[in-house]
S.K.: 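Mind looking over this structure? Questions follow.
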Amino acid sequence: MENDNKITAVEFIPTFKREFYHPRYWGVWCGIGLIAGATFIPPRLRDPVLGAVGRLVGKLAKGARHRARANLLYCLPGLSVPAREKIIDDMFATVPQSTVLMAELACRNPERLLSRVQWHGEEIIGQAAAQERNIIFLVPHGWAVDVPAMLMSARGQKVAGMFHNQRNELVDYMWNRVRRRFGGRLHARNDGVKPFVSSVRQGWWGYYLPDQDHGPDHSEFVDFFATYKATLPAIGRLMKICRAAVIPLFPVYNSKTSRLDIYVRPPMDDIAGQDDRYIARRMNEEVENLVGPNPEQYTWILKLLKTRKPGDKDPYKR
């Protein structure tokens, strides 16, 4: 039976469409099959192959590589060109490895992955929960960004996240079905922030990605690595209206050991009562602290710096 994606009063629910059987989606189905099949190969065997495939794709993906080069040139200008190129190559290797890791949670028993996960600072989350505080995780765009939320859901914790729909409807459907496998709740950004706020106030742990460029309206131009970035200081308002602890978190997949390290930092309690500029800078500072040690895990292919001050040139213009 064909249905459109449904948005209830509280969440987004992806639903299957009969048109997904159309030949134009067959390539996507083949990709889904290959990813699912890869989850049955031991990680120590599949990761080198996936990494090699990712590096090859990275050489051919001219547009994405150009954006990554521009971002790294602005953000990490102190590195040599070969050093930045290595980060980009390692980043592209991380993409399929992290994708199959997420698929492993969807296709296999989660206990298989839990034994290969190490939390660093998990006691910080426990302390906030023991104080009966609502929680919003501030999570930079890493390639394994969805995995910690799914792991928490698999352990029985209610987690709610905001997301952008994918252009390809089948990819969007499948990705969001995987995200919801263990009962997580999804809120589409197009539906506004109120459903997300409602979930957090009901006791769901919120999952918020802070580093997209939302344009100049309501954003602050504040430092971001060695450059600046238009940063939306929304986390300050979310913290206040949700009465929540804002806890930075970042996943790092180590392909050499086939393990996932999840790093947790102390709550950003210092932003309470501060102005938007201070909050925006603190958000970027947390991104720097989490991404800095493992830059290859970050999605440098995004147009992170597309909004510039009047008179400044477009970093992505060829």
S.K.: Are the side chain of N254 and the backbone of R259 linked by a donor-acceptor contact shorter than 3.5 Å?
M.R.: no
S.K.: Measure the spacing between CG of L170 and CH2 of W26 and express it to the nearest 0.5 Å.
M.R.: 13.5 Å
S.K.: Does the side chain of P148 reach to within under 4.5 Å of the side chain of L249, using non-hydrogen atoms?
M.R.: yes
S.K.: Return yes if some donor-acceptor pair links the side-chain N/O of D172 with the main-chain N/O of Q166 below 3.5 Å, else return no.
M.R.: yes
S.K.: Under the salt bridge (charged side-chain N to carboxylate O under 4.0 Å, His left out) test, which residues partner D270, sequence neighbours left out?
M.R.: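 So D270 forms a salt bridge (charged side-chain N to carboxylate O under 4.0 Å, His left out) with R282.
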S.K.: Looking at A234 and Y208, what are the two nearest heavy atoms and their distance?
M.R.: CB-OH, 3.6 Å
S.K.: Between E169 and R24 (salt bridge meaning N to carboxylate O under 4.0 Å), is one present in this structure?
M.R.: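 The answer is no: the pair does not qualify as a salt bridge.
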S.K.: Could you label the plane-to-plane angle of the Y173 and F20 rings as parallel, tilted or perpendicular, counting under 30° as parallel and over 60° as perpendicular?
M.R.: tilted
S.K.: Report yes if the side chains of V246 and F137 come closer than 4.5 Å at any heavy-atom pair, otherwise no.
M.R.: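 Not touching, per the 4.5 Å side-chain cut-off.
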S.K.: Step by step, work out the salt bridge (Lys or Arg N to Asp or Glu O under 4.0 Å) result for K229 and E288.
M.R.: CA-CA 12 Å; K229 183 178 180 300; E288 294 165 16; over 6 Å; no
S.K.: Carefully, step by step, assess H187 and S199 under the rule side chain to side chain donor-acceptor pair (under 3.5 Å).
M.R.: CA-CA 9 Å; H187 301 294; S199 289; 2.8 Å; yes
S.K.: For a 4.5 angstrom cut-off between non-hydrogen side-chain atoms, does K158 reach W205?
M.R.: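 When only atoms from C-beta onward are counted, W205 and K158 do not touch, as no gap falls below 4.5 Å.
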S.K.: Is any side-chain heavy atom of V291 closer than 4.5 Å to a side-chain heavy atom of W300?
M.R.: yes
S.K.: Could you work out, with salt bridge (charged side-chain N to carboxylate O under 4.0 Å, His left out) as the rule, every residue matching D146, not counting sequence neighbours?
M.R.: R179
S.K.: So do R116 and P43 actually touch side chain to side chain, heavy atoms under 4.5 Å?
M.R.: yes
S.K.: Checking the side chain of H218 only, and the main-chain atoms of L232 only, is there a donor and an acceptor separated by less than 3.5 Å?
M.R.: no
S.K.: If the condition is salt bridge (charged side-chain N to carboxylate O under 4.0 Å, His left out), which residues does E123 pass it with, not counting sequence neighbours?
M.R.: none
S.K.: Between F12 and F163, does the ring centre distance come in under 6.0 Å?
M.R.: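 Judged by ring-centre distance (under 6.0 Å), F12 and F163 do meet the cut-off.
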S.K.: Do the side chain of Y207 and the main chain of L138 share a donor and acceptor less than 3.5 angstrom apart?
M.R.: no
S.K.: Would you kindly confirm whether V178 and L50 end up in one hydrophobic cluster when ILVMFWY residues are joined by side chain heavy atoms under 4.5 Å apart?
M.R.: no
S.K.: What are the two closest heavy atoms between M239 and A272, and how far apart are they?
M.R.: CE-CB, 4.0 Å
S.K.: Passes side chain to side chain donor-acceptor pair (under 3.5 Å), S198 versus Q202? Steps please.
M.R.: CA-CA 6 Å; S198 177; Q202 291 170 19; 2.9 Å; yes
S.K.: R84 side chain to G78 main-chain N or O, any donor-acceptor pair under 3.5 Å?
M.R.: no
S.K.: Would you say V159 and V147 are hydrophobically clustered, going by side-chain heavy atoms of ILVMFWY under 4.5 Å?
M.R.: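 Yes: a chain of side-chain contacts under 4.5 Å links V159 to V147.
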S.K.: Looking at every heavy atom in both P14 and R180, which two are closest together, and how far apart are they?
M.R.: CD-CD, 3.6 Å
S.K.: Are L290 and V139 connected in the hydrophobic side-chain network, where two residues link if heavy atoms are under 4.5 Å apart?
M.R.: no
S.K.: Is the number of heavy atoms from other residues, nucleotides or ligands within 6.0 Å of CH2 (W204) greater than 12?
M.R.: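 Result for CH2/W204: enclosed.
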S.K.: Contact between M268 and I271 at the side-chain level, heavy atoms closer than 4.5 Å - yes or no?
M.R.: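 A side-chain contact under 4.5 Å exists here.
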S.K.: For Y278, is there any backbone N or O sitting under 3.5 Å from a side-chain donor or acceptor partner on D275?
M.R.: yes
S.K.: Counting N and O atoms only, with roles assigned by atom type, does the side chain of S98 sit under 3.5 Å from a partner on the main chain of V95, one being a donor and the other an acceptor?
M.R.: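 Side chain of S98 to backbone of V95, a donor-acceptor pair under 3.5 Å: no, none is there.
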S.K.: Should I88 and I301 be counted in the same cluster of Ile, Leu, Val, Met, Phe, Trp and Tyr side chains packed under 4.5 Å apart?
M.R.: yes
S.K.: Answer yes or no: is there a side-chain heavy-atom contact under 4.5 Å between H141 and Q212?
M.R.: yes
S.K.: Are any side-chain N or O atoms of T299 and backbone N or O atoms of L302, one a donor and one an acceptor, separated by less than 3.5 Å?
M.R.: no
S.K.: Using every non-hydrogen atom in the two residues, find where C242 and N134 come nearest and quote the distance to one decimal.
M.R.: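 Result for this residue pair: O-ND2, 2.8 Å.
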S.K.: Using the side-chain contact (heavy atoms from CB on, under 4.5 Å) rule, take T231 and F224 through it: C-alpha gap first, then chi angles, then the decisive distance, then the call.
M.R.: CA-CA 9 Å; T231 305; F224 182 71; 5.8 Å; no
S.K.: For D223 and F221, what are the C-alpha separation, side-chain angles and deciding distance, and is it a side-chain contact (heavy atoms from CB on, under 4.5 Å)?
M.R.: CA-CA 7 Å; D223 289 348; F221 289 112; over 6 Å; no
S.K.: Check E285, M283, E286 against P248 for a side chain to side chain contact (heavy atoms under 4.5 Å, CB included) and give me the one that passes.
M.R.: E286
S.K.: How far apart are the closest heavy atoms of P110 and L105, and which atoms are they?
M.R.: CB-CD2, 3.9 Å
S.K.: Take atom CZ of R318 as the centre, draw a 6.0 Å sphere, and report whether it contains more than 12 heavy atoms from other residues, nucleotides or ligands.
M.R.: yes
S.K.: After noting the C-alpha distance and the side-chain angles of E296 and K86, does the key distance pass the salt bridge (Lys or Arg N to Asp or Glu O under 4.0 Å) rule?
M.R.: CA-CA 9 Å; E296 78 288 346; K86 184 179 185 305; over 6 Å; no
S.K.: Do Y21 and F16 have ring centres separated by under 6.0 Å?
M.R.: yes
S.K.: Quick check: is M152 connected to V117 through a chain of hydrophobic side chains (ILVMFWY, heavy atoms under 4.5 Å apart)?
M.R.: yes
S.K.: What are the two closest heavy atoms between P140 and V145, and how far apart are they?
M.R.: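 So the two residues come closest at O-CG2, 3.8 Å.
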S.K.: For residues W143 and Y253, establish whether the separation of their ring centroids is below 6.0 Å.
M.R.: no
S.K.: Please identify each residue that fulfils salt bridge (charged side-chain N to carboxylate O under 4.0 Å, His left out) with R108, with sequence neighbours left out.
M.R.: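 For R108, no residue satisfies salt bridge (charged side-chain N to carboxylate O under 4.0 Å, His left out) once neighbours in sequence are set aside.
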S.K.: Kindly indicate, with the supporting measurements, whether the criterion side-chain contact (heavy atoms from CB on, under 4.5 Å) is fulfilled by Y25 and N168.
M.R.: CA-CA 9 Å; Y25 290 110; N168 185 290; 3.7 Å; yes
S.K.: May I have all residue pairs that pass salt bridge (charged side-chain N to carboxylate O under 4.0 Å, His left out) and include part of residues 42-66, sequence neighbours excluded?
M.R.: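 Every salt bridge (charged side-chain N to carboxylate O under 4.0 Å, His left out) pair that includes a residue of residues 42-66, provided the two are not neighbours, is R46-E104, R55-D90, K59-D89, R65-E85, R65-D89.
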S.K.: Tell me, with the steps shown, if D211 and Y298 meet side chain to side chain donor-acceptor pair (under 3.5 Å).
M.R.: CA-CA 11 Å; D211 43 1; Y298 196 51; 2.6 Å; yes
S.K.: Take I262 and F250 through the test side-chain contact (heavy atoms from CB on, under 4.5 Å) and record every step on the way to the result.
M.R.: CA-CA 6 Å; I262 302 174; F250 191 59; over 6 Å; no
S.K.: Are side-chain heavy atoms of D261 and H120 found at a separation under 4.5 Å?
M.R.: yes
S.K.: Kindly check if the number of other-residue, nucleotide or ligand heavy atoms within 6.0 Å of CD (E132) is above 12?
M.R.: no
S.K.: Is it the case that more than 12 heavy atoms not belonging to R177 sit under 6.0 Å from its CZ atom?
M.R.: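 Result for CZ/R177: open.
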S.K.: Identify each donor-acceptor pair in which a side-chain atom of residues 303-310 lies under 3.5 Å from a protein atom, sequence neighbours left out, and give them as a table.
M.R.:
unit_1 : atom_1 : unit_2 : atom_2 : d
T307   : OG1    : D213   : OD1    : 2.7
T307   : OG1    : D213   : OD2    : 3.2
R308   : NH1    : Y228   : O      : 3.1
R308   : NH2    : T227   : OG1    : 3.1

